[in-house]
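For ligands, and for the atoms within them, numbers begin at 1 and follow the listed sequence. Quick caveat: nothing in here was measured; it's all calculated off a predicted structure. Position 1 is the first residue of the sequence, and the numbers go up from there.
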Amino acid sequence: MKILNFGSLNIDYVYEVEHFARKGETISSSNLRVSSGGKGLNQSIALSRAGVPVCHAGIIGMDGIFLKEILEEAGVDTKYLAVSDQIRTGNAIIQNDRYGDNCIILYGGANQTITREYIDQILDNFSENDWLLLQNEINELPYIVESAHKKGMHIVLNPSPMDDKIFDINLNHIHCFILNEMEAQNLVNYKENDMEVLKKVQETFPHAEIVLTLGEKGAVYQGKKGCISQEKYAATVVDTTAAGDTFTGYYLSGILKGLDVKQAMQTAAKAAAIAVSRKGAAVSIPEMEEVTGKRNE
Ligand code: RIB
């Protein structure tokens with residue numbers, strides 16, 4: 001069984017600010033950090049740090065070679081990663097405020113230049129019962145999902161950042177959705193309380209497993225194993241960037257290692273609590289030893 005994450009790689013420009021810039025306002029930033037990110041890259045690093053071998057496919061420009069090196073240092077297999085000399089790497093402008101919250105502007109760059117020819121080449125290396133992890137920061141997702149489905153791969157979708165392009169995908173081919181409250185609401189066009197929305201997602205996609213992350217309120221799983229809740233672990237919040245990616249990578253790693261859903265969610269919640277206590281995206285994702293050492297404070 002092989003695991004492929006077909007996803008984005010970004011250069012993150014993180015500006016520390018008192019508050020997010022408002023309409024017409026110019027604000028100063030007290031610090032600028034340039035580091036590795038992208039929901040795809042972050043989730044591959046989380047999977048690998050959780051001890052699961054993962055191949056990452058995606059495209060970077062020449063300016064993003066350091067992202068490849070960072071993936072490799074984390075133990076991710078990068079043999080399918082493509083480097084373009086025609087276009088710059090995707091990037092994210094991130095404002096990080098004094099409460100640790102963020103708001104993000106994305107520039108897709110190379111992440112939006114995925115071709116069908118490249119997808120076919122990559123997927124030729126995978127077959128029935130292999131796993132595919134996807135987020136919503138690259139183009140050609142409908143084609144990737146269709147092709148992977150034909151091969152009989154298990155498909156996990158984190159529809160983040162959520163936008164209308166998600167509805168171009170045949171969502172009935174998704175085996176597992178990992179998503180937050182807003183993404184779930186938008187997915188089923190239903191603005192209700194969390195449990196009602198979860199029920200609606202399950203009714204809409206009855207064959208899928210759903211993991212709903214709820215920030216302060218933890219997470220809930222709904223699927224073949226019933227309804228299982230997980231509280232969040234206490235943490236001093238410094239920066240929430242990549243907390244969701246950490247949860248996704250760790251949850252999936254738990255399932256792939258044969259943990260039950262409760263154990264997988266518990267490990268994922270612990271890992272996410274560590275990630276929010278540190279600055280940055282990929283750099284904030286813990287190693288498994290740190291996670292297993294963490295108790296509920
Ligand atoms: O989920 C966090 C990530 O979102 C950042 O690393 C940024 O690149 C954006 O993709």
Side-chain angles (χ1 to χ4, degrees), residues 5-17 20 31-50 56-61 63-64 66-71 73-74 76 81 88-97 100-114 133-139 141 156-163 165-166 177-183 211 213-215 219 237-252 268 271-286:
N5 182 5
F6 213 133
S8 59
L9 307 99
N10 287 339
I11 301 174
D12 284 356
Y13 296 91
V14 185
Y15 296 85
E16 287 181 21
V17 294
F20 301 147
N31 191 26
L32 167 64
R33 279 175 284 121
V34 181
S35 60
S36 53
K39 294 181 197 303
L41 176 145
N42 296 339
Q43 292 179 21
S44 279
I45 288 185
L47 272 161
S48 189
R49 292 198 175 143
H56 190 103
I59 308 185
I60 50 176
D63 55 337
F66 75 99
L67 300 178
K68 183 170 187 273
E69 290 163 2
I70 281 165
L71 281 171
E73 273 164 32
V76 176
L81 200 69
R88 62 187 293 176
T89 304
N91 69 57
I93 305 287
I94 304 180
Q95 293 181 57
N96 184 207
D97 76 5
D101 289 327
N102 64 53
C103 64
I104 303 180
I105 300 173
L106 286 177
Y107 172 69
N111 294 316
Q112 294 295 326
T113 64
I114 310 279
L133 173 61
L134 299 168
Q135 313 76 29
N136 190 26
E137 286 187 344
I138 58 169
N139 65 314
L141 282 177
V156 179
L157 175 65
N158 168 225
S160 183
M162 183 73 195
D163 63 26
K165 289 202 298 286
I166 283 291
F177 292 93
I178 304 178
L179 70 189
N180 67 23
E181 309 102 300
M182 294 295 288
E183 289 155 3
V211 181
T213 58
L214 299 168
V237 179
V238 173
D239 181 358
T240 55
T241 312
D245 300 330
T246 305
F247 187 98
T248 296
Y250 264 84
Y251 174 77
L252 185 56
I274 295 171
V276 300
S277 70
R278 299 171 176 165
K279 289 184 180 179
V283 288
S284 73
I285 300 170

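Between the His56 side chain and the Leu81 main chain, no donor and acceptor come within less than 3.5 Å of each other.
With contacts defined as side-chain heavy-atom distances shorter than 4.5 Å, the pair Cys103/Gln95 qualifies. Counting only heavy atoms from C-beta outward, the side chains of Thr248 and Leu133 approach each other to under 4.5 Å. Considering only heavy atoms from C-beta on, Ser44 stays 4.5 Å or farther from Leu9 through its side chain.
Using a 3.5 Å distance cut-off with no hydrogens or angles, the side chains of Thr241 and Asp239 do pair a donor with an acceptor.
Distances below 4.0 Å separate heavy atoms of Gly37 from the following atoms of ligand 1: 6 (O), 8 (O). Counting the atoms of ligand 1 from 1 in the order shown, those under 4.0 Å from a heavy atom of Ala281 are 6 (O). Interface of Ala92 with ligand 1, defined as ligand atoms under 4.0 Å from a residue heavy atom, comprises 7 (C), 8 (O).
When only non-hydrogen protein atoms are considered, atom 9 (C) of ligand 1 lies nearest to Glu137 OE2, 3.6 Å. Among protein heavy atoms, atom 3 (C) of ligand 1 sits closest to Asn42 ND2, 3.7 Å. Residue, atom and distance of the protein heavy atom nearest to atom 5 (C) of ligand 1 are Asp12 OD2, 3.4 Å. Protein heavy atom at the shortest distance from atom 4 (O) of ligand 1 is Lys39 NZ, 3.1 Å.
With distances taken over non-hydrogen atoms, the option nearest atom 1 (O) of ligand 1 out of Asp245, Leu106, Val14 is Asp245.
Within a 6.0 Å sphere centred on CZ of Arg278, heavy atoms belonging to other residues, nucleotides or ligands number more than 12.
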Pair Asn31-Asn96, side-chain contact (heavy atoms from CB on, under 4.5 Å): steps then yes or no = CA-CA 10 Å; Asn31 191 26; Asn96 184 207; over 6 Å; no
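A heavy-atom separation below 4.0 Å is found between Gly38 and ligand 1.
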